[in-house]
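Reviewing the structure listed below.
Just so you know, these numbers come straight off a predicted model, no measurement behind them. Basis for what follows: all heavy atoms, side chains included, without hydrogens, waters or symmetry-related copies.
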Amino acid sequence: MTEESDIRSANANIRASTVWTIVLGFAADPLMRWSWPDPRQYLRSMPQFIDACGGRAFAHGTAYVAGEIRGAALWLPPNVQQDEEALDAIMARSLRPEITEDMAHLRRRMAEHRPHEPHWYLPLIAVDPNWVGKGLGTLLMNYALQRCDEDGIVAYLESSNPENIPFYQRHGFKVVGEIQHGSSPPLTPMLRTASFRPSKAAPPDRLVTQTQA
């Protein structure tokens with residue numbers, strides 16, 4: 001059974017494996033497959049998207065893996081931003097023309113919901129589908145949120161899969177809005193104050209995906 005001691009920061013040697021675990025975990029994500037419904041396009045674009053959204057976590061030692069890289073979470077520390085220029089380029093070359101306006105709206109609204117105060121941001125967390133339900137998502141969340149509590153800093157994420165909202169709520173996140181436009185699936189901004197203590201009686205996590213676009 002995987003324990004917290006099995007969690008480690010992902011270095012350059014396992015960066016590619018970490019990214020592909022997240023690619024697998026998002027293979028059925030509503031927002032990601034709305035963005036790239038063609039499997040070939042998804043497999044081409046998703047690794048680049050992951051690097052743009054959360055790649056800077058690797059440089060800061062806040063890309064965490066668990067269970068022999070069967071689960072992964074990319075956290076951006078306070079004042080560390082995504083690579084917006086890379087995101088713009090990915091969207092411009094890979095999205096279907098009919099959804100480009102909807103995606104632009106989503107990204108504008110996401111920026112509006114982002115906390116103004118310093119915060120830890122979780123753009124991506126995922127578990128290999130073969131290992132969902134083994135507690136890897138819970139271990140990854142607890143590991144990172146302990147630091148949020150120690151530092152007294154809020155944590156923020158956007159859930160791209162409504163099925164995952166109860167999982168985040170068990171870890172103290174609260175829904176602070178909903179983002180949706182045109183044909184897009186809903187995206188749910190969630191905020192967590194520091195020093196929250198999750199219930200020890202919480203059921204096993206069923207985390208499948210989480211992202212921001």
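- Rounding to the nearest 0.5 angstrom, the gap separating the CD1 atom in I125 from the CG atom in L140 is 5.0 Å.
- Going from atom CG of L76 over to atom CZ of R56 covers 8.5 Å, rounded to the nearest 0.5 Å.
- Within 6.0 Å of the CD atom in E101, the count of heavy atoms belonging to other residues, nucleotides or ligands does not exceed 12.
- The closest side-chain heavy-atom distance from L74 to Y64 is not below 4.5 Å.
- Using a 4.5 Å cut-off on side-chain heavy atoms (C-beta onward), K174 and T193 make no contact.
- Contact check on E112 versus R109 returns a salt bridge, with a Lys/Arg side-chain nitrogen under 4.0 Å from an Asp/Glu carboxylate oxygen.
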Please test W120 against L145 for side chain to side chain contact (heavy atoms under 4.5 Å, CB included), starting from the C-alpha separation and ending with a verdict. CA-CA 9 Å; W120 283 88; L145 293 176; over 6 Å; no
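- Remark: E98 CD is packed, more than 12 non-hydrogen atoms of other residues, nucleotides or ligands lying under 6.0 Å away.
- Heavy-atom neighbours of R93 CZ from other residues, nucleotides or ligands within 6.0 Å: above the threshold of 12.
- By the side-chain hydrogen bond (donor to acceptor under 3.5 Å, both in side chains) test, S45 is found to be paired with Q41, residues two or more places apart in sequence or in another chain being considered.
- Summarising the geometry of A194 relative to I153, their closest heavy-atom pair is CB-N, 3.7 Å, with the distance given to 0.1 Å.
- Using a 4.5 Å cut-off on side-chain heavy atoms (C-beta onward), L187 and L31 make contact.
- Considering every non-hydrogen atom in both I22 and A126, the closest pair reads CA-CB, 4.0 Å.
- With respect to the salt-bridge test (charged N to carboxylate O, under 4.0 angstrom), the residues R107 and D88 qualify.
- A 4.5 Å side-chain heavy-atom check between L157 and W75 finds every atom pair outside the cut-off.
- By the 4.5 Å heavy-atom criterion applied to side chains, P129 and L24 are counted as neighbours.
- Summarising the geometry, atom CD belonging to Q169 is positioned 11.0 Å from atom CG belonging to N164; distances are rounded to the nearest 0.5 Å.
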Show your reasoning for whether side chain to side chain contact (heavy atoms under 4.5 Å, CB included) applies to R15 and D51. CA-CA 10 Å; R15 178 169 180 155; D51 278 334; 3.2 Å; yes
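- Taken to the nearest 0.5 Å, the CD1 atom of I99 stands 5.0 Å off from the OG atom of S35.
- Counting heavy atoms from C-beta outward, I50 and F26 have side chains that stay 4.5 Å or more apart.
- Cluster membership for M141 and M190, using ILVMFWY side-chain heavy atoms within less than 4.5 angstrom, is shared.
- A distance of 5.5 Å separates OG in S9 from OH in Y143, rounded to the nearest 0.5 Å.
- Between P30 and S160 the shortest heavy-atom distance is CD-O, 3.8 Å.
- Here the side chains of Q146 and D149 are not in contact, with every heavy-atom distance at 4.5 Å or above.
- Here the side chain of R33 pairs a donor or acceptor atom with the backbone of A27 at under 3.5 angstrom.
- In terms of heavy-atom proximity, S184 sits nearest to Q180 at O-NE2, 2.8 Å.
- Grouping the Ile, Leu, Val, Met, Phe, Trp and Tyr side chains by contacts below 4.5 angstrom, directly or via other members, places M91 with M32.
- Linking Ile, Leu, Val, Met, Phe, Trp and Tyr whenever their side-chain heavy atoms come within less than 4.5 Å leaves I69 and W20 in two separate clusters.
- Nearest heavy-atom pair, I7 versus A66, reported as atom, atom and distance to 0.1 Å: CG1-CB, 3.9 Å.
- Note on L122: it clusters hydrophobically with F167, by side-chain heavy-atom contacts below 4.5 Å among ILVMFWY residues.
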If you apply the rule side chain to side chain contact (heavy atoms under 4.5 Å, CB included), what do you find for R8 with V65, and how did you get there? CA-CA 6 Å; R8 56 184 169 132; V65 295; 3.7 Å; yes
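- Expressed to the nearest 0.5 Å, how far CG of D128 lies from CD of E68 amounts to 12.5 Å.
- Hydrophobic clustering, with ILVMFWY side chains joined whenever heavy atoms are under 4.5 angstrom apart, keeps I14 apart from F58.
- Summarising the geometry of C148 relative to R192, their closest heavy-atom pair is CB-NH1, 4.3 Å, with the distance given to 0.1 Å.
- Taking the six-membered ring for Trp and thresholds of 30 and 60 degrees, Y121 and Y156 have nearly parallel ring planes, at less than 30 degrees apart.
- Residues V80 and T62 fail the side-chain proximity criterion, which asks for heavy atoms closer than 4.5 Å.
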Steps toward side chain to side chain contact (heavy atoms under 4.5 Å, CB included) verdict (Y168, T188): CA-CA 11 Å; Y168 300 121; T188 306; over 6 Å; no
